[in-house]
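A note on names: the letters A, B, ... follow the listed sequences, proteins ahead of strands, and every chain is numbered from 1.
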Protein chains: 2
Amino acid sequence: MKTFFCELEVTLEVIGGKWKGLVLYYLIKGPKRTGELKRLVHNISQKMLIQTLRELETDGLIRRKMYNQVPPKVEYSTTELGQSLEPILSSLCDWGGNYAEQSFAPGEIEILYLD
Amino acid sequence: MKTFFCELEVTLEVIGGKWKGLVLYYLIKGPKRTGELKRLVHNISQKMLIQTLRELETDGLIRRKMYNQVPPKVEYSTTELGQSLEPILSSLCDWGGNYAEQSFAPGEIEILYLD
DNA sequence: CAGTATCCCCAGAGATACTG
DNA sequence: CAGTATCTCTGGGGATACTG
């Protein structure tokens, strides 16, 4: 039996870590192919991308749709459960935007949007 | 100059990682002494607790108040900036609670509340 | 009690090459 | 294009001992 010491720990178990939040962030905006995600989630390696996707899929947050064709095509999308994180991730973004304005002088920080 | 590729990355830079969210979670409920935090944030080591507190302080999310007495007494509390994460952490908890109900059979998981 | 200083380890993550 | 398989390695993090 798995033991947690508050609900936040449960959440962090599912979307914590270095990449899960970011992958979800882009998938929540709409279905993406593997290559697109690789481009969007900057600096993620092939290995970590696939690994992250597998874990999110196992935990029921995303869905993997495979097209039987050559060359292969795979599309990832959020489940309802995954999509239910949209308001939270949205808030986290807003907070980060504010923080960037408040706590950095112009020129100390830049944000490059990829999508 | 630090470069980010979306606002979420900024947020994760500040409250990402293994412990920051949990430490904030408890501090948002009210000021705490070092020892209390050590007890509440289950399994955190002395080293990681102090390190986490220092980083949160540096980033302006918490405040450290030291009482000049023997034995030493130190109290940590949130700044306004830190407190502004309250609704988000709250949402993350709710989400985790729901997830625990939906995705685990009774007996597969337990949540022990420490405060 | 709060905090520092070390030593040490291993899982998470990077890099590269390969396959269907 | 999507994914697997290895190999490697770093630094996040754990354990312990010590100080004011």
Side-chain angles (χ1 to χ4, degrees), chain A residues 2-5 8-9 12-27 30-59 62-78 114, chain B residues 2-5 8-9 12-27 30-59 62-78 114:
Chain A
K2 210 137 184 26
T3 303
F4 298 92
F5 296 91
L8 181 56
E9 286 191 356
L12 292 178
E13 174 98 354
V14 180
I15 62 164
K18 191 169 182 181
W19 299 113
K20 286 183 179 175
L22 285 167
V23 169
L24 270 173
Y25 169 81
Y26 289 110
L27 281 182
K32 301 271 182 302
R33 298 188 55 178
T34 313
E36 291 181 89
L37 282 173
K38 180 87 177 59
R39 179 182 60 83
L40 290 169
V41 183
H42 205 262
N43 279 333
I44 195 171
S45 65
Q46 174 84 357
K47 176 188 162 186
M48 288 314 295
L49 177 59
I50 300 296
Q51 183 176 312
T52 301
L53 288 167
R54 291 291 172 276
E55 290 174 14
L56 290 174
E57 193 188 359
T58 299
D59 290 337
I62 67 171
R63 186 179 292 121
R64 180 175 181 274
K65 183 172 181 184
M66 182 168 174
Y67 297 80
N68 270 346
Q69 59 183 53
V70 180
K73 174 178 173 180
V74 172
E75 199 174 68
Y76 293 94
S77 57
T78 55
L114 296 178
Chain B
K2 211 137 182 33
T3 302
F4 299 91
F5 296 91
L8 182 55
E9 286 191 358
L12 292 178
E13 175 98 352
V14 181
I15 62 164
K18 192 169 180 180
W19 301 111
K20 285 183 179 174
L22 284 167
V23 169
L24 271 172
Y25 169 81
Y26 289 110
L27 282 182
K32 302 271 181 302
R33 298 189 55 179
T34 313
E36 292 181 89
L37 281 172
K38 181 89 178 59
R39 180 182 59 83
L40 290 169
V41 184
H42 205 262
N43 280 333
I44 196 171
S45 66
Q46 174 85 356
K47 176 186 162 186
M48 288 314 296
L49 176 60
I50 300 297
Q51 184 176 311
T52 301
L53 288 167
R54 291 293 172 275
E55 291 174 13
L56 290 174
E57 193 187 0
T58 298
D59 290 338
I62 67 172
R63 187 179 293 121
R64 179 176 182 274
K65 182 172 183 183
M66 182 167 174
Y67 298 80
N68 269 347
Q69 59 183 53
V70 180
K73 173 177 172 180
V74 173
E75 199 173 68
Y76 293 95
S77 57
T78 54
L114 296 178

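Between B:Leu49 atom CG and D:dG14 atom P there is a gap of 11 Å when expressed in whole angstrom units. Spacing between atom NZ of A:Lys38 and atom C1' of D:dC1 amounts to 13 Å, rounded to whole angstrom units. Nucleotide C:dC1 holds its C1' atom 15 Å from the CZ atom of B:Arg39, rounded to whole Å. Separating the CD1 atom of A:Ile50 from the P atom of D:dT6 is a distance of 17 Å, rounded to the nearest angstrom. Atom-to-atom, OH of A:Tyr67 to P of D:dA2 comes out at 12 Å; the value is rounded to the nearest Å. Counting to the nearest Å, the C1' atom of D:dA2 and the CE atom of A:Met66 are 8 Å from each other. Computed from coordinates, the A:Leu37 CG to D:dC1 P distance equals 14 Å when rounded to whole Å. The separation between B:Gln69 atom CD and C:dA2 atom C1' is 12 Å, rounded to whole Å.
Smallest separation of non-hydrogen atoms from B:Glu9 and B:Phe5: OE1-N, 2.9 Å. The shortest non-hydrogen separation linking B:Lys20 to B:Gly16 is CD-O, 3.6 Å. Contact between A:Leu37 and A:Lys32 at its shortest, heavy atoms only, is CG-CB, 3.8 Å. Smallest separation of non-hydrogen atoms from A:Met66 and A:Val74: CG-CG2, 4.2 Å. Nearest approach of A:Lys38 to A:Ile44, heavy atoms of both residues: NZ-O, 3.0 Å.
A:Lys2 has its side chain within reach of A:Glu13: a pair of non-hydrogen atoms, C-beta onward, lies under 4.5 Å apart. Put simply, the side chain of A:Leu40 does not reach to within 4.5 Å of the side chain of A:Leu22, judged on heavy atoms. Side-chain atoms of A:Leu53 and A:Leu27, non-hydrogen and from C-beta on, do get closer than 4.5 Å to each other.
Using a 4.0 Å cut-off, some side-chain N or O of B:Arg64 falls inside it from OP1 or OP2 of C:dG3. Put simply, B:Arg33 has no side-chain N or O that comes within less than 4.0 Å of OP1 or OP2 on C:dC1. Of the side-chain N and O atoms in B:Arg54, one or more sit less than 4.0 angstrom from OP1 or OP2 of C:dG3.
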Nucleotide N/O of nucleotides 9-13 of chain D paired with protein N/O under 3.5 Å:
from   : atom 1 : to      : atom 2 : distance (Å)
D:dG13 : N7     : B:Lys47 : NZ     : 2.9
D:dG13 : O6     : B:Lys47 : NZ     : 3.4

Would you tabulate the nitrogen or oxygen pairs shorter than 3.5 Å linking the protein to nucleotides 18-20 of chain C?
none

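Residue contacts for B:Tyr76: at a heavy-atom cut-off of 4.0 Å it reaches the sugar-phosphate backbone alone, with no base atom in range.
Under the Watson-Crick and G-U wobble criteria, each requiring two contacts below 3.5 Å, nucleotide C:dT6 is paired to D:dA15.
Atom CZ in A:Arg33 sits 12.5 Å away from atom CZ in A:Arg39 (nearest 0.5 Å).
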